[in-house]
Amino acid sequence: SSGINAEWPLRPGGKGGEVIKAMKKESGAHIRVSQNGKYYPTTNERIAFISGTNDQVHQVICEINEKIRNDKPPENKKISLDLKERKTQMKLIIPSSSAGKIIGKSGCNIKEKRKKYRLRLCVDTTA
């Protein structure tokens, strides 16, 4: 699952869900986006549920990320600083049974990814 900011003018599907339908058709992945107004706890972010092969899921995540980063707000709506920052982020929800493998002993895997890719990785234990 991936968190998508509700302001991604998550016109996730565009008119009638056409963007999501096109992603499904092109990738072969199954994609479901939480209903408008149904957010991940303590956020204003909707959730995209993506399933398929690793390649299919990767393709959809890349497409969603591209849309989030390049989407322009409607002319009558100003973009908030929070949304500008959020366009540079992606939240992934992982099974708690996999968290240890991803984090690594004493956080070694996270530290390695931070150094290798120069990114900020955070583990939120509050949700």
Side-chain angles (χ1 to χ4, degrees):
S1 301
S2 175
I4 299 175
N5 190 293
E7 287 187 60
W8 165 38
L10 195 70
R11 313 179 287 246
K15 193 173 189 177
E18 62 199 30
V19 173
I20 295 296
K21 288 176 189 172
M23 282 185 195
K24 286 180 181 181
K25 186 176 182 179
E26 188 176 317
S27 69
H30 176 75
I31 308 166
R32 198 176 47 146
V33 178
S34 61
Q35 295 176 352
N36 197 9
K38 301 287 183 182
Y39 304 128
Y40 185 75
T42 72
T43 74
N44 70 336
E45 297 181 337
R46 293 168 65 183
I47 300 172
F49 299 92
I50 306 161
S51 61
T53 66
N54 285 342
D55 288 342
Q56 290 170 330
V57 171
H58 182 260
Q59 180 180 344
V60 171
I61 288 173
C62 288
E63 285 183 45
I64 289 173
N65 193 39
E66 179 83 13
K67 291 197 179 300
I68 290 170
R69 289 175 184 257
N70 294 318
D71 193 46
K72 302 219 182 328
E75 288 184 28
N76 62 348
K77 184 175 181 180
K78 291 187 177 180
I79 189 167
S80 67
L81 289 176
D82 183 49
L83 181 56
K84 285 181 184 176
E85 182 178 324
R86 185 61 181 103
K87 283 180 170 239
T88 66
Q89 303 170 355
M90 174 157 293
K91 293 179 183 174
L92 298 175
I93 301 166
I94 59 169
S96 57
S97 59
S98 300
K101 294 174 193 153
I102 293 167
I103 296 167
K105 189 171 184 172
S106 299
C108 68
N109 292 343
I110 295 287
K111 290 173 188 170
E112 177 186 319
K113 300 294 183 236
R114 282 180 182 146
K115 185 177 180 179
K116 182 176 181 178
Y117 299 109
R118 295 185 189 156
L119 35 97
R120 192 178 105 201
L121 291 170
C122 302
V123 179
D124 181 0
T125 58
T126 61

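Numbers for residues simply follow the sequence, beginning at 1.
Residues passing the side chain to side chain contact (heavy atoms under 4.5 Å, CB included) test with H30, sequence neighbours excluded: R32, S51. Evaluation of the side chain to side chain donor-acceptor pair (under 3.5 Å) rule for N65 yields R69 as partners, not counting sequence neighbours. Residues forming a side chain to side chain donor-acceptor pair (under 3.5 Å) with Q35 (at least two apart in sequence, or on another chain): none. Judged as a side chain to side chain donor-acceptor pair (under 3.5 Å), and not counting sequence neighbours, N54 has no contacts. The side chain to side chain donor-acceptor pair (under 3.5 Å) search around Q56 returns T53, not counting sequence neighbours.
Between A29 and S27, the shortest heavy-atom contact is N-OG, 3.0 Å. Pairing each heavy atom of I94 with each of A99, the nearest pair is CD1-CA, 3.8 Å. The shortest heavy-atom contact between G52 and V57 is N-CG2, 3.6 Å. Taking every heavy atom of both residues into account, E26 and Q59 meet most closely at OE2-NE2, 3.3 Å.
Side chain of S34 to main chain of Y39: no donor-acceptor pair is present (N/O by atom type, distance under 3.5 Å, no hydrogens or angles).
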Validation: residues 105-119 side-chain donor-acceptor distances under 3.5 Å, sequence neighbours left out:
from : atom 1 : to   : atom 2 : distance (Å)
N109 : ND2    : K101 : O      : 2.8
K111 : NZ     : S106 : O      : 3.1
R114 : NE     : L121 : O      : 3.2
R114 : NH2    : L121 : O      : 2.5

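A distance of 6.0 Å separates CD1 of I31 from CD1 of I64, quoted to the nearest 0.5 Å.
Within the 4.5 Å cutoff, no side-chain heavy atoms of V19 are placed close to those of E63.
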